[in-house]
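Proteins come first, then strands; the chains are lettered A, B, ... in the order of their sequence lines, and each starts at number 1.
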Amino acid sequence: MDKIDDFFSQIDEVKPKPFMKTRVFQRMESQEVSSRFLNWNYELLKPIALVLIIATLNAGLILGMEADLSSSGSSSIFEMVSTDQVSTELLIFEQ
Amino acid sequence: MENDDLISGLKKGENEAFEILIEKYSGLVFNLSIGILRNREWADDISQEVFIEVFRSISKFKEESSLETWIYRITLNKCLNFEKKQKRFELMDGFKLLSLEKKEYWIREQSHPGIPEERKVMERWIYGQIRKLPESQRIALTLHKIQGMRQTEIAEVMDVSISAVESLVFRAMKNLKKMAKKEGLLN
């Protein structure tokens, strides 16, 4: 028998850690609990996600409208200022 | 409890049958896992996973093979998948991409507790070479030489003929001896 055969013939059996049963049951329970928790969270997340999407869309719409309003407002103010300035300059020139 | 009663009990979801199953097969499952993975923690985790898998998929067990063969197959698959995962994590560790928590679990020294201290150098060398063998040779060799299974049992687990198992073990041993000779380990 050579070294390799000899090596294989001398490998001893190893005993598993005690309480394998308990650990398997505990692991099964924790896996079930976590899967239940995930399912529960997923179910709960659906309406929350829907509300968030609607809220984001609404916020976007409101902001968009405000931006439109403010941009049109500012341009009219700008126009007013610039016509005033022109008219003042004209007045000075005329004097 | 006979295996037929055990299987029917498991199929009915009886806790007692499940407890008997673990008691009866924990040694077999753990020793096969440790023979491949050479780490107590990993072998223990795999063993637990195997029993959970058996419990969850017993309804799919068609009894075309023995319960023992079916459990062997599940264990083998779990160990091989674990090894693939472990190789990926070893690679990630090489690039320093592992978190400390993952590193602690996946990067460990492997040492079979059933091999005496004075043979640890030989163990590292032999397992290093076994890892390089083609998968079918590696499985056949591990089941036969480390697990001590008969070739008829291995043929069932691997779903090949007995002569195929014989040839796989022969070629694996030949390759190992060739490599050992090359490195002067057989003198």
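If you tally non-hydrogen atom pairs under 4.5 Å between each of A/R23, A/K17, A/Q10 and chain B, the highest count goes to A/R23.
Rounded to the nearest 0.5 Å, atoms CZ (A/F8) and CE (B/M173) are 5.5 Å apart. Atom-to-atom distance recorded for A/R27:CZ and B/E49:CD is 4.0 Å, nearest 0.5 angstrom.
Residues B/I162 and B/V160 do not share a hydrophobic cluster, defined by chaining ILVMFWY side chains whose heavy atoms lie under 4.5 Å apart. When hydrophobic clusters are built by joining Ile, Leu, Val, Met, Phe, Trp and Tyr residues whose side-chain heavy atoms come closer than 4.5 Å, directly or via intermediates, B/L176 is not grouped with B/F170. When hydrophobic clusters are built by joining Ile, Leu, Val, Met, Phe, Trp and Tyr residues whose side-chain heavy atoms come closer than 4.5 Å, directly or via intermediates, B/W106 is grouped together with B/F95.
Counting heavy-atom neighbours within 6.0 Å of B/K102 NZ, excluding the residue itself, gives a total of 12 or less. By the 6.0 Å contact criterion, CD on A/E13 is open, its count of non-hydrogen atoms from other residues, nucleotides or ligands being 12 or less. For CD of B/E118, the number of neighbouring non-hydrogen atoms (other residues, nucleotides, ligands) closer than 6.0 Å is greater than 12.
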Quiz item: Is there a side chain to side chain contact (heavy atoms under 4.5 Å, CB included) between A/F7 and B/I115 once you walk through the steps?
Solution: CA-CA 9 Å; A/F7 171 83; B/I115 297 171; 3.6 Å; yes

Quiz item: Under the salt bridge (Lys or Arg N to Asp or Glu O under 4.0 Å) criterion, do A/D6 and B/R119 qualify, and how do the steps go?
Solution: CA-CA 11 Å; A/D6 186 44; B/R119 286 171 173 258; 2.9 Å; yes

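Residues forming a salt bridge (charged side-chain N to carboxylate O under 4.0 Å, His left out) with B/E109 (at least two apart in sequence, or on another chain): B/R124. B/K120 meets the salt bridge (charged side-chain N to carboxylate O under 4.0 Å, His left out) test with B/E123; sequence neighbours excluded.
Of all heavy-atom pairs between B/P113 and A/V14, the closest is CG-CG1, 3.9 Å. Taking both residues in full, the closest heavy atoms of B/S47 and A/M20 are given as CB-CE, 3.5 Å, listed atom of the first, atom of the second, then distance.
Note on B/K177 versus A/D5: salt bridge recorded, some NZ/NE/NH1/NH2 to OD/OE distance being below 4.0 Å.
Contact annotation for A/K15: only backbone heavy atoms (N, CA, C, O) come within less than 4.5 Å of a heavy atom of chain B.
Heavy-atom proximity under 4.5 angstrom to chain A picks out B/N15, B/F18, B/E19, B/I22, B/E23, B/S26, B/G27, B/F30, B/N31, B/I34 from residues 5-37 of chain B. Listed by sequence position, B/L141, B/K145, B/I146 are the residues of residues 139-151 of chain B in contact with chain A, using a 4.5 angstrom heavy-atom cutoff.
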